Amino acid sequence: MEGIDHRMVSVNGITMHIAEKGPKEGPVVLLLHGFPDLWYTWRHQISGLSSLGYRAVAPDLRGYGDSDSPESFSEYTCLNVVGDLVALLDSVAGNQEKVFLVGHDWGAIIGWFLCLFRPEKINGFVCLSVPYRSRNPKVKPVQGFKAVFGDDYYICRFQEPGKIEGEIASADPRIFLRNLFTGRTLGPPILPKDNPFGEKPNPNSENIELPEWFSKKDLDFYVSKFEKAGFTGGLNYYRAMDLNWELTAPWTGAKIQVPVKFMTGDFDMVYTTPGMKEYIHGGGFAADVPTLQEIVVIEDAGHFVNQEKPQEVTAHINDFFTKLRDNNKSF
């Protein structure tokens, strides 16, 4: 992408790739991607926010793209990944007491952990797709998902190391990525053991149909990076979910204390999972996040709303951060 700088940064014992653009003294916006994603998911926001005077910084999280990929899933806990980000902020925003934060999918989850552990570092958080859920001290996450959605729920299917990686390889990674980015299947995502991705390998996968907002160039970029790095690093975030549950026992009942704006697409698989709309709009979300200021549901958009509706999402991000800056002139 034109004008975006790329460099490697040493953080927390690993080397992390970051993409950045914007004035060096501009307020930093840290953009966190999810699965199966990369810094590239924010390409439109990087350009849009930098043109508005922000310094946009988008890393490949550990396990992804050009960043290091530790082997064991035990190295992908919330403490490991938040540790990476704290060190990254010291490197790229050392002269700024606080930064702005945006996260999508697993980037949203990691964003919640960053706000929970180090709220003094965050001016405000724009969360896309995945709302905060307080820790349930009685049930481990994977056990809870299995009880509600069954063994074929995607998070349950991701748990066995190597298993789903083999199924992705057999199904054609190009089609797997296309389906995840552009699919409109409403949640909860189920992956049956027989043909989990809904279609067989396609000898003409180079010619698969794509929507207007996701080009062949975009898909080619993702395919090239995941062919190099594989999917295990991203899947290890799911495999560390029960470890996160154990490690965050001291934060049971803790509330988020950072100003928050939540956005989702009306066709998002998370938003359309049974019970989620009731939680988001019925008071449960606001009880867990007393600093929640706005909820935006973007029409005719799926899970990757930041890519599908880039100008709208960028405008919402800027609007929220501008209000926060206007209310606190020390930013």
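Numbering starts at 1 and runs along the sequence shown. Note that the structure is predicted; figures quoted are calculated from it, not measured.
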As a quick check of understanding, evaluate side chain to side chain contact (heavy atoms under 4.5 Å, CB included) for L292 and I295, giving each step before the final call.
CA-CA 8 Å; L292 179 65; I295 296 174; 3.8 Å; yes
Test salt bridge (charged side-chain N to carboxylate O under 4.0 Å, His left out), reference R239, set E71, E160, E165, output is E165
Problem set entry | R157 NZ/CZ over F149 ring centroid, <6.0 Å and within 45° of normal | no
> Ion pair present between D84 and R62, side-chain N to carboxylate O less than 4.0 angstrom?
Replying inline: yes
Note to self: Whether K140 and E246 form a salt bridge (side-chain N of Lys/Arg under 4.0 Å from carboxylate O of Asp/Glu) is what I want to check.
What the structure shows: yes
Taken to the nearest 0.5 Å, the spacing of L30 CG from F100 CZ works out to 12.5 Å
Point to revise | Lys NZ or Arg CZ of R135 over W251 ring: under 6.0 Å, within 45° | key: no
Correct closest heavy-atom pair for P59 and M16 would be CB-SD, 3.5 Å
**OP:** Apply the test ring-ring contact (aromatic ring centres under 6.0 Å, His included) to residues H33 and H104: give CA-CA distance (whole Å), side-chain angles for both, the deciding distance (0.1 Å), then the verdict.
**Re:** CA-CA 5 Å; H33 68 80; H104 172 258; 9.6 Å; no
Paired with F214, the ring pair (Phe, Tyr, Trp, His ring centres under 6.0 Å) test is passed by just one of F221, F181, Y40, F304, namely F181
The reported gap from CD1 in I109 to OH in Y237 (rounded to nearest 0.5 angstrom) is 11.0 Å
Kindly say whether the aromatic ring centers of H281 and Y271 come within a distance under 6.0 Å.
yes
Requested in this report: Decide ring-ring contact (aromatic ring centres under 6.0 Å, His included) for W112 and Y132; before the verdict, give the C-alpha distance in whole Å, the side-chain angles of both, and the deciding distance to 0.1 Å.
Outcome: CA-CA 7 Å; W112 290 122; Y132 179 72; 5.5 Å; yes
Q. Under the salt bridge (Lys or Arg N to Asp or Glu O under 4.0 Å) criterion, do R7 and E20 qualify, and how do the steps go?
A. CA-CA 9 Å; R7 60 189 174 103; E20 58 184 338; 2.4 Å; yes
So side chain to side chain donor-acceptor pair (under 3.5 Å) across residues 143-153, not counting sequence neighbours, yields D152-K193
Looking at D66 and K225, does any basic side-chain N land under 4.0 Å from a carboxylate oxygen? yes
Looking only at heavy atoms, the pair that brings L31 and A56 closest together is CD1-CB, 4.0 Å
So CZ of F158 and CD of E167: to nearest 0.5 Å the spacing works out to 9.5 Å
So CG of D68 and CG of L61: to nearest 0.5 Å the spacing works out to 13.0 Å
